[in-house]
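I have placed the structure first, in the form of structure tokens, so that the comments after it can refer back to it.
The basis for the numbers below is simple: all heavy atoms, side chains too, and nothing from hydrogens, waters or symmetry mates. Numbers restart at 1 for each chain; the letters A, B, ... are given by sequence-line order, proteins then strands.
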There are 2 protein chains.
Amino acid sequence: MATTIKDIARKTGVSHSTVSRALSGNSAISFQTSEKIRAAAQEMGYQPSAAARSLKTNRSNAIGVILSNVADPFFSEIVFGIEECALEAGYSLFIAASQHEPGREKKIVQAMMEHRTDGVILCSSSFSSEQGFQLLKYGFPIVVVNHQAAENFHYSIYHDDIDGSRQITRHLIELGHKQIAYLGNTLSGRTTLDRLHGFELEMKSAGLPIYGNLIHNENGGDAINGYQSVETFLKVQPRPTAIICFNDMMAIGVLKALDSAGVKVPEEISVTGFDNISMSAFTSPALTTLDQPKRSIGKEACQLLLSLIRTQENNPSIEPKEKILKGKLLVRQSTAKPNSRSI
Amino acid sequence: MATTIKDIARKTGVSHSTVSRALSGNSAISFQTSEKIRAAAQEMGYQPSAAARSLKTNRSNAIGVILSNVADPFFSEIVFGIEECALEAGYSLFIAASQHEPGREKKIVQAMMEHRTDGVILCSSSFSSEQGFQLLKYGFPIVVVNHQAAENFHYSIYHDDIDGSRQITRHLIELGHKQIAYLGNTLSGRTTLDRLHGFELEMKSAGLPIYGNLIHNENGGDAINGYQSVETFLKVQPRPTAIICFNDMMAIGVLKALDSAGVKVPEEISVTGFDNISMSAFTSPALTTLDQPKRSIGKEACQLLLSLIRTQENNPSIEPKEKILKGKLLVRQSTAKPNSRSI
DNA sequence: TATCGTAGTGCACACGTGTGCATTGGAGAT
DNA sequence: ATCTCCAATGCACACGTGTGCACTACGATA
């Protein structure tokens, strides 16, 4: 059994209350006693019991992070930011992945409730509203990150996808592209719609037409989904001179498929990604993409949650807050002027 | 405040002991009473307090997972396997990343101790032996995964890197390669040594010489490290006809650098990866690699840990166990017969 | 009818920590 | 010498759950 404050009390000849106070830095305890107790605690390898402390203080010093998939490189980077911030503040992370499976979602929510997590960060693009409602009902402070149904939650951190998508589109338009395709991911709901919207806005503002057969959605955001989509785009006549992909992973799949089909990028078709995952610098050609400040997003989400947790104790109602971060266009080698051949 | 068993007791007119027993399925409680209590619990949205339960039972139903980096695609897949197994068994995951920083390592170990994690899975290729010793001393059941200093721990899950590397090397030899380079990652300690060893064994068994200037190590296992290494290899005369990379990420960097240098893969140089991260299927050319059963590794690690946790209660000393899983060669497009041009 | 066994339930304590209040002792003021 | 005050510490209870033991009531047995 681990040593407890009672063990320390016995050894130093004081009451356990005194030990508790000394270790928490209560100034009522004399310096000598405190020192003696601290020394004993150190020597005995004392580690406070989070369970006992939680029980008493009603604070778990843990926050829950819900992802859709642990292995997604985009969300991994966000978790990186969250973790950095949390560890520094002395919080531990319960991480769980929903895998878009209702059964798992339910289990995860239950686990968060049982552990009385101090708050929850919801990084899952799709999370059933039923379970989301459970979380809200339980009274968790919740921060959602790039979530599709943000209107249900009061606090959120967002990337400005509309703006980002406009930047990408503008870049292509400035290069001279007119026949631009958009490849979306239905699974990511609002995010893909925002990016599509930004694309459309920018096209309209440039006076360019939007062709319905150049907008295509896949049911997933992995490389394989991008790969599969290319067949569709290559059939369209006239062929698009550029493809705006929902994210980098899909763009990587698109690059691969185009390479297999013998279509040169960027000479015949330009391709853009979104997110700037670390891999995107190492494709051939290197991907032009939108650099989303992933780590900052995670950090901001965590900071917001921590401030919610702190203020909740005093003032239960703070006004809703939505923070929107902007990304930055990153021009690399997968985009160029359209070639007359392909028009 | 959340509802407790006392609230349920008050509402149903029984003692809290009865509620406790009813909810835990104790057969001493009559069926009618149990039903009444279960109904009330359901209606009142009761969720047991993990803290209180932990305090009493001395089991936290949480296991700690220590990574070096949350965003590493290889370990992410392992975590995937762990999570799957853990959630199913009703365990939650405390995940933390050491980032190779001693300060963080210390904090992480402390957090695990305070939360009285039921066990720890150590997935960090490098973890200071000092902190590892702290974990052992505290008495955690520990399972290490692909860890460099496994001899310090009693339970481990391994991938057979020597065998895997031999498979890769044999494949290249069978294609006719003689001048094969090995690109290592010093940060990963034993793992890179095993892979180097497998390479050397297979070369020797084929009667081929190993050139010292064809073995090169970088200080990291990311794409950028692979990218940087190519300069060195291209200087060597005669130039290698194949490069065996420590992992897929480095191989991706190597592919990129070779492409930039105008060297054709696989016509002029063959390149192999290791791990089979999902991305490796989408490079151009697609990477020949060793498919490591990452998810199985995670699952096995978790299962082993759970069995340790269960048996520890009865029998404190089980014999050390080391499980070694073998990977499978995956031949794709980045390897081919050596071209006479490049010899 | 007295005794016994048993099914069903409550009592009381424990887990480790935190905290309001009471208690003690000593120094300073009158 | 007595009183006052304050610094330092202990006492006792609480948090929510689990569990050994005692107790009650009721049917079965002698």
Side-chain angles (χ1 to χ4, degrees), chain A residues 1-38 40-41 44-62 90 110-111 113-118 138 313, chain B residues 1-38 40-41 44-62 90 110-111 113-118 138 313:
Chain A
M1 286 295 279
T3 55
T4 71
I5 53 173
K6 289 189 185 174
D7 298 326
I8 301 178
R10 216 169 297 129
K11 177 152 182 178
T12 54
V14 298
S15 75
H16 81 273
S17 326
T18 303
V19 176
S20 172
R21 283 190 256 259
L23 293 178
S24 65
N26 188 317
S27 62
I29 307 298
S30 77
F31 182 73
Q32 294 90 329
T33 313
S34 286
E35 273 305 293
K36 193 173 60 178
I37 289 172
R38 268 193 288 269
M44 301 170 77
Y46 169 72
Q47 295 291 347
S49 157
R53 184 173 284 172
S54 298
L55 189 57
K56 193 62 191 161
T57 63
N58 223 11
R59 304 271 315 288
S60 63
N61 276 317
Q110 194 177 330
M113 296 199 286
E114 292 192 1
H115 286 282
R116 306 287 195 267
T117 292
D118 290 338
Y138 193 82
E313 290 158 3
Chain B
M1 287 295 278
T3 55
T4 72
I5 53 172
K6 289 189 184 173
D7 298 327
I8 301 177
R10 216 170 298 130
K11 176 152 184 178
T12 53
V14 298
S15 74
H16 81 274
S17 327
T18 301
V19 176
S20 172
R21 282 189 256 259
L23 293 179
S24 67
N26 188 317
S27 63
I29 307 299
S30 76
F31 182 74
Q32 293 89 331
T33 313
S34 287
E35 274 304 293
K36 192 172 59 180
I37 290 172
R38 268 194 288 271
M44 301 170 78
Y46 170 73
Q47 294 290 346
S49 156
R53 183 174 285 172
S54 298
L55 188 58
K56 191 64 190 160
T57 63
N58 224 12
R59 306 268 316 287
S60 63
N61 277 317
Q110 194 178 330
M113 294 199 289
E114 292 192 0
H115 283 100
R116 306 286 195 268
T117 292
D118 289 338
Y138 193 82
E313 291 157 2

Length of the CD1-P vector between A/Ile5 and D/dT9, whole Å: 15 Å

Just grab all the salt bridge (charged side-chain N to carboxylate O under 4.0 Å, His left out) pairs involving residues 21-34 of chain B, residues at least two apart or on different chains. none

In residues 45-58 of chain B, which ones come under 4.0 Å of DNA chain C, going by heavy atoms? B/Leu55, B/Lys56

Taking the side chain as C-beta and beyond, is there a heavy-atom pair between A/Ser15 and A/Thr18 under 4.5 Å? yes

Rounded to the nearest 0.5 Å, how far does OG1 of A/Thr12 lie from CG of A/Asp7? 10.5 Å

Touch check for B/Thr4, heavy atoms < 4.0 angstrom, all strands: base, sugar-phosphate only, or nothing? sugar-phosphate

Quick one: does A/Lys36's side chain get under 4.5 Å of A/Gln32's, heavy atoms only? no

Pull out every protein N or O sitting under 3.5 Å from an N or O of nucleotides 4-8 of chain D, one pair per line with the distance.
none

When the rotation axes relating C1' atoms of four end pairs to the next four are compared across the helix from C/dT1-D/dA30 to C/dT30-D/dA1, five pairs an end, they differ to 10° by 70°

The reported gap from CZ in B/Arg116 to CE in B/Met113 (rounded to nearest 0.5 angstrom) is 9.0 Å

Give me the first and last nucleotide of DNA chain C, going 5' to 3', that has any atom under 4.0 Å from a heavy atom of chain B. C/dG8 to C/dG16

Using atom names, set out every protein N or O paired with an N or O of nucleotides 23-27 of chain D below 3.5 Å, distance rounded to 0.1 Å.
none

